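Have a look at the structure below before the remarks.
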There are 2 protein chains.
Amino acid sequence: MAEIKKTPKSNTIIQVAEATGLSPATISRVLNNHPYVKEATKKKVLEMIEKLGYQRNNIASGLRSNKTRTIGLIVPRISMFFHAEVITTIQNILYKHGYNLTICQSGDSVDMEKDLIRALQSVRVDAVIAACTLHTTDFSPFDQLMASGTPLVFYDRVPVGKTSAMVIKGDDIQGGYLATSHLIEIGCRRIAHISGPLDCNLYQDRLKGFYNAMKIADLQVRKEWLFYHELTKENARIALKQIFEGPEIPDGLVADNDTTAIAALKFAKEMGLKVPQDLKIVGYSNDPRSEIITPSITTIEQYPDKMGEKIVEVLMARLQHKNMNPMEISTPTIMPVQLIRRLST
Amino acid sequence: MAEIKKTPKSNTIIQVAEATGLSPATISRVLNNHPYVKEATKKKVLEMIEKLGYQRNNIASGLRSNKTRTIGLIVPRISMFFHAEVITTIQNILYKHGYNLTICQSGDSVDMEKDLIRALQSVRVDAVIAACTLHTTDFSPFDQLMASGTPLVFYDRVPVGKTSAMVIKGDDIQGGYLATSHLIEIGCRRIAHISGPLDCNLYQDRLKGFYNAMKIADLQVRKEWLFYHELTKENARIALKQIFEGPEIPDGLVADNDTTAIAALKFAKEMGLKVPQDLKIVGYSNDPRSEIITPSITTIEQYPDKMGEKIVEVLMARLQHKNMNPMEISTPTIMPVQLIRRLST
DNA sequence: TTGTAAGCGTTATCAA
DNA sequence: TTGATAACGCTTACAA
């Protein structure tokens, strides 16, 4: 009683072979539904597998075949709404293709990211999907991964400049443009912009879109109303304080994420400013919070599910025909975005 | 030019052995920091590993040693705030212990959950951590996993009744009690309760807490104000409509998650009811949305990070001394919860 | 302290 | 259509 059982030896292909009177090779063929197996044999094997409760050892299979049917994913944090959605979509589609997904979080740390790349490499994932940290400027760990023959697709936060990896990104220039020109259209003339670190393509592009819109409207960009720190609640408050301590105050704010937009809303309330009357605010990402807050926040929708679908599509194409034209894969795919107008404007 | 390179043969322990003039066994010992290796030898090997850019093949290692240093995790969905937090904590601590985490989402589907268990088993994870689906009543796939020798820890959504797995759960009875008695204390007498499917321990327990508090206050529980459907926005509206179409309306609502509480807030606004004056609402989980909505929602904090820590602690203990007393591991660990009072009450 | 050699459970290459 | 056999890259007795 209450004895600790020894781990029962999990059964193998050989046991199935013996039980059916076939060879291990045939069992393996059935398992991989190889074409040259007689229907009757296949049926017999499948039944025996069921009966014995046999479970293929993917470790052994992976070692021999050099295919693990596992994809690694590196993401800053799964708690970010956009990423959670993308991941879920990826995982669901990948599952249909018979692939597993190993999800890793870098926590926006470059060192962690590097470690994770090594770890994934070391478990021999068949491919890697990555959204970089805010501060990744050295892509050599990723290059090394590719050099070892692992297909790599970047999404959302992608390398600035050339890369031989596949790239799927949102249209952040357009997003920045849409947000800004919307404010201009509804009457804003003094527009502030809280952006993120310019190491990151996201903020470079959104800023570019901002400049484009301002230029077209012939509006002046005030450097003292431009910020490039990590987009946290805390940093948002610091930036807002600085803006509103100045001699003049803005009538519009482009926030490059919804966390910042939400912080701005709160700040405005504390300052006694009415939104949208005194200050109009646009966020980015369509985080669920942006919809339920009062007033609800106008924001940029990025269609995470569409992005997830595209990522898998591109990846599967690559995994299936290894010898794809490298010119083709080096052109980034740009996914459309859209402005969702709400009560903050 | 534009030639596709053949995958370079990733290097092996044997190449490191040859390069250093040592045997593969010694290289392996260095890799596993085995005690019996001369310091000088170790240093030499490490340098060569660095020089060759050698990367241990964990697939091969796992096959031989029967240890993958990978833990599998099954969760309904990573987009749920509570789970995202727990997972992040688990992953960070596990990482320090040298373990990888494979995160899988069941999407609250029992079939998917079953498949995932098989998949994890098939990649030979060293252990599994799981929060069940809303509808898991048949735990035999989990039992089978354990029977194959894989340690298993359930958290949050755990089996009702006996299990030989380790169990870490929140104090949902207390949570339900706190929410309800808080409403009573501040004057509510007609309290409705939107709970979840009673297959799930969470809602069984929260309901129990609700009954306890009502009984102590000698208040009547009205069956027509009790709901047990999955806690979605849509179901919340259906329940609320039903409640408010009745002859009498409640002055307090216990919602068993924050999504429901938020939906109730919106519903009340549409009905022209003031919160908290006309209706007081308590949610569950302290989702970030509950804080930013107007009015902010009183809710039950579950301390996901503490739960994550506990999970890893228990798991590591188990992984280290395999022969732990089975009586000990079968007592569930119950984690404290707390009421966070906000403006909705 | 280090080396030799036998597997771990599959799959791939022949041959039958 | 099936079977024998040699890997895959590592760990681990056992020997030295």
Side-chain angles (χ1 to χ4, degrees), chain A residues 7-46 48-49 52-70 98 121-126 148-149, chain B residues 7-46 48-49 52-70 98 121-126 148-149:
Chain A
T7 301
K9 246 205 156 32
S10 58
N11 44 26
T12 74
I13 222 178
I14 298 190
Q15 289 164 30
V16 181
E18 280 166 359
T20 51
L22 292 160
S23 76
T26 302
I27 313 299
S28 173
R29 288 191 187 101
V30 172
L31 250 22
N32 298 299
N33 35 61
H34 187 285
Y36 296 145
V37 185
K38 205 163 49 174
E39 254 329 299
T41 312
K42 190 168 172 177
K43 185 153 169 281
K44 185 164 71 171
V45 171
L46 256 15
M48 188 53 77
I49 283 176
L52 298 180
Y54 166 79
Q55 273 257 260
R56 170 218 234 112
N57 183 331
N58 279 345
I59 295 286
S61 164
L63 175 60
R64 182 58 235 248
S65 68
N66 221 17
K67 288 187 187 338
T68 54
R69 295 200 76 89
T70 297
Q121 199 159 15
S122 149
V123 297
R124 300 298 192 265
V125 291
D126 288 347
S148 81
Chain B
T7 301
K9 245 207 156 29
S10 60
N11 44 26
T12 75
I13 221 179
I14 299 190
Q15 288 165 31
V16 180
E18 280 166 0
T20 49
L22 291 160
S23 77
T26 303
I27 311 301
S28 173
R29 290 194 185 97
V30 172
L31 250 24
N32 298 300
N33 35 57
H34 188 283
Y36 296 144
V37 185
K38 205 164 46 176
E39 256 325 302
T41 311
K42 191 170 174 176
K43 186 154 169 277
K44 186 163 73 170
V45 171
L46 257 17
M48 186 54 76
I49 284 176
L52 297 179
Y54 167 78
Q55 273 259 262
R56 169 221 232 109
N57 183 331
N58 279 346
I59 294 287
S61 161
L63 176 59
R64 181 57 234 250
S65 67
N66 221 18
K67 288 186 186 340
T68 54
R69 296 201 76 89
T70 297
Q121 199 160 14
S122 148
V123 297
R124 300 298 193 266
V125 291
D126 289 347
S148 82

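Everything numeric in this text was worked out from a predicted model, so none of it was measured. Per chain, numbering begins at 1; letters A, B, ... match sequence-line order.
- Remark: S61(A) pairs with no residue by the side chain to side chain donor-acceptor pair (under 3.5 Å) rule, at least two apart or across chains.
- The separation between I14(B) atom CD1 and dT11(D) atom P is 12 Å, rounded to whole Å.
- Residues from residues 25-34 of chain A with heavy atoms under 4.0 angstrom of DNA chain D, sorted by number: A25(A), T26(A), R29(A).
- Remark: C1' of dT10(C) and CZ of R69(A) are 16 Å apart, rounded to the nearest angstrom.
- A close approach under 4.0 Å does occur between a side-chain nitrogen or oxygen of S23(B) and OP1 or OP2 of dG3(C).
- Here the P atom of nucleotide dC8(C) and the CD1 atom of I13(B) are 18 Å apart, to the nearest Å.
- Each end of the helix from dT1(C)-dA16(D) to dA16(C)-dT1(D) gets its own axis, taken as the rotation carrying the C1' atoms of four end pairs onto the next four within a five-pair window, and the two axes meet at 30° to the nearest 10 degrees.
- The two residues D126(A) and N66(A) make their nearest non-hydrogen contact at OD1-O, 4.3 Å.
- The number of heavy-atom neighbours closer than 6.0 Å to CG of N32(A), taken from other residues, nucleotides and ligands shown, is above 12.
- The backbone N or O of P24(A) sits nowhere less than 3.5 Å from a side-chain atom of T26(A) that would complete a donor-acceptor pair.
- A pairwise comparison of heavy atoms in Y54(A) and T12(A) identifies CE1-C, 3.5 Å as the closest pair.
- Between N58(B) atom CG and dG9(D) atom P the separation is 14 Å, expressed in whole Å.
- For the contact set between residues 35-46 of chain A and DNA chain D, defined by any heavy atom under 4.0 Å, the members are Y36(A), V37(A), K38(A), T41(A).
- Atom CG of N66(B) is separated from atom C1' of dG9(D) by 16 Å (rounded to the nearest Å).
- The backbone N or O of R124(B) sits less than 3.5 Å from a side-chain atom of T68(B), completing a donor-acceptor pair.
- Remark: side-chain polar atoms of R69(A) are paired, donor with acceptor, to backbone N or O of G98(A) under 3.5 angstrom.
- V125(A) has its side chain within reach of V123(A): a pair of non-hydrogen atoms, C-beta onward, lies under 4.5 Å apart.
- For the pair R56(A) CZ and dT11(C) P, the computed distance is 5 Å after rounding to whole Å.
- In this structure, the CG atom of N11(B) is 10 Å from the P atom of dG9(D), given to the nearest Å.
- Between the OG atom of S28(A) and the CD1 atom of I13(A) there is a distance of 4.5 Å, given to the nearest 0.5 Å.
- Within 4.0 Å of I59(A), counting heavy atoms only, lies no atom of the nucleic acid at all.
- Residues passing the salt bridge (Lys or Arg N to Asp or Glu O under 4.0 Å) test with K43(B), sequence neighbours excluded: E47(B).
- For A60(A), counting side-chain heavy atoms from C-beta on, the closest listed nucleotide (dT12(D), dG9(D), dT10(C)) is dT10(C).
- Protein atom CG of L22(A) is 10 Å distant from nucleotide atom C1' of dG3(D), rounded to whole Å.
- Residues K44(B) and L22(B) form a side-chain contact, since some pair of their non-hydrogen atoms from C-beta on lies under 4.5 Å apart.
- Remark: T20(A) engages no residue in a side chain to side chain donor-acceptor pair (under 3.5 Å) (not counting sequence neighbours).
- Remark: the R64(B) side chain and the dT11(D) base include a donor-acceptor N/O pair separated by less than 3.5 Å.
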